[in-house]
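Notes to accompany the following structure.
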Amino acid sequence: MSINRNQIVQIYGTDYKENTILLLKETGLASLIPSVSSRIVIKPNLVSATEASWGATTHPEIVAGIIEYLLDNNYRDITIMEGSWVGGLTSDAFDVCGYRALSEEYDVPLVDLQKAEAVTRDCDGMELALCKPATEIDFLINVPVLKGHCQTRITCALKNLKGLIPNSEKRRFHSMGLHKPIAHLAAALKQDFIVVDHICGDLDFEDGGNPVVRNGIFAGRDPVLMDSLVCRMLHYKPDEVPYIPMAEKLGVGSADLDKAEIRIIESSRQRSGKESEGKTETDPACELPLSRKLVLVEDAVEEVDSCSACYGSLIPALSRLQEEGFLLSGLPDKICIGQGFRGKTGRLGVGDCTCCFDNYAPGCPPGENEIYQYLKQLINM
Ligand code: SF4
């Protein structure tokens, strides 16, 4: 028996691999896979080359649990695929995030989609470029991290598929306002099963830095429902993340949480009697914090179609300046960022797209530290 599309099952605890296996047994993943010869792809979130404890990338223990479960059920054609964000190399992320070691341990190949051939496909009325290997999958297991995002507010199941498109298309997504192409991508590339890493995602930034420890792992089949749940957990309405209703309209899934069945199962430690009862910091009953670092600083920014890596470097840099007591009001003007400023003039910009401005922090994308140093120097002047 496998879970239905309106069901989400959760597990909390620190034995990540064991808990993942329990979750997959409980949800009956194997009965959803068409045949033992199916080409199964596991798609983690390796946005950048940082360890999972930083709050940005998928814990390798979860992927190890998925692989062990699949091998135990006689599935042998398993691949891990990912394309990191424009600002970093997937090959570095494979090393730093522990996936190279995972690949060697289980003899599961890694596919770096930044090196893959691109193909163009009609994605439910929108033509998009996809990485060719991502179009040759029989069963896709999406393993996103539950995180906040400084442009789209949240990122989880739907947006994680952006790692399956070429870098040039990632930039184009931003020039198209992100939401619509994310929804169309989800309509074209069907995710068959979702395992959400809710261990310690950053609730503000896609690239981590402020991990919030929850030690949770969720499983489900409907990415729209999963993302709607994430919205509720992070104190947003699904409508505040436009790609969710857009994906629902395209038939990707349902955002109706009233019809969802969400339940928590016992962890491996609870089953073995090792975990004491009572409320802990990772108790699922604890609400996630409402505070949003980016709200504090986004007033200082004017953003038009910026890439995640660019904006994702600027906001933490501003946050650092603010924490150090630098008044962002001391800047000569709003900070402009994004492809929408290409060829335009202005006073203060970030990234090569603003190279015609009087002052700009160069780079495509510039790093967080470079932006921080540049702005600090400007404020001091
Ligand atoms: S400089 Fe422009 S193209 Fe380069 S990462 Fe930033 S927004 Fe994207």
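Each ligand, and each atom within it, is numbered from 1 in the order the structure gives.
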Identity and distance of the protein heavy atom lying nearest atom 6 (Fe) of ligand 1: Cys310 SG, 2.4 Å
Asp204-Asn210 side chain donor-acceptor pair, cut-off 3.5 Å: no
Shortest protein heavy-atom distance from atom 4 (Fe) of ligand 1, along with the residue and atom involved: Cys364 SG, 2.4 Å
Min heavy-atom dist Asp352 to ligand 1 below 4.0 Å: yes
Ligand 1 contacted by Arg342 (non-hydrogen, < 4.0 Å): yes
Short side-chain donor-acceptor distance under 3.5 Å, Ser306 and Gln151: yes
Ring geometry between Tyr12 and His198 (parallel below 30°, tilted from 30 to 60°, perpendicular above 60°): perpendicular
Shortest protein contact, atom 7 (S) of ligand 1 (heavy atom only): Cys307 N, 3.5 Å
Heavy-atom closest pair, residues Ala129 and Pro166: O-CD, 3.4 Å
Reported CZ-to-CG distance for the pair Arg121 and Leu185, which is rounded to 0.5 angstrom: 12.5 Å
Close-contact set for ligand 1 against Pro365 heavy atoms, below 4.0 Å: 5 (S)
N, O or S atom of Cys353 closer to atom 4 (Fe) of ligand 1 than 2.8 Å: no
Proximity of Arg171 to ligand 1 by residue part, where a heavy atom lies under 4.0 Å: side chain
Modelled atom types, side-chain donor and acceptor of Ser48 and Asp207, under 3.5 Å: no
Those atoms of ligand 1 less than 4.0 Å from some heavy atom in Gly351: 1 (S)
Side chains of Asp112 and Thr90, donor plus acceptor under 3.5 Å: yes
Test item, Gly363 contacting ligand 1 (heavy atom, 4.0 angstrom): yes
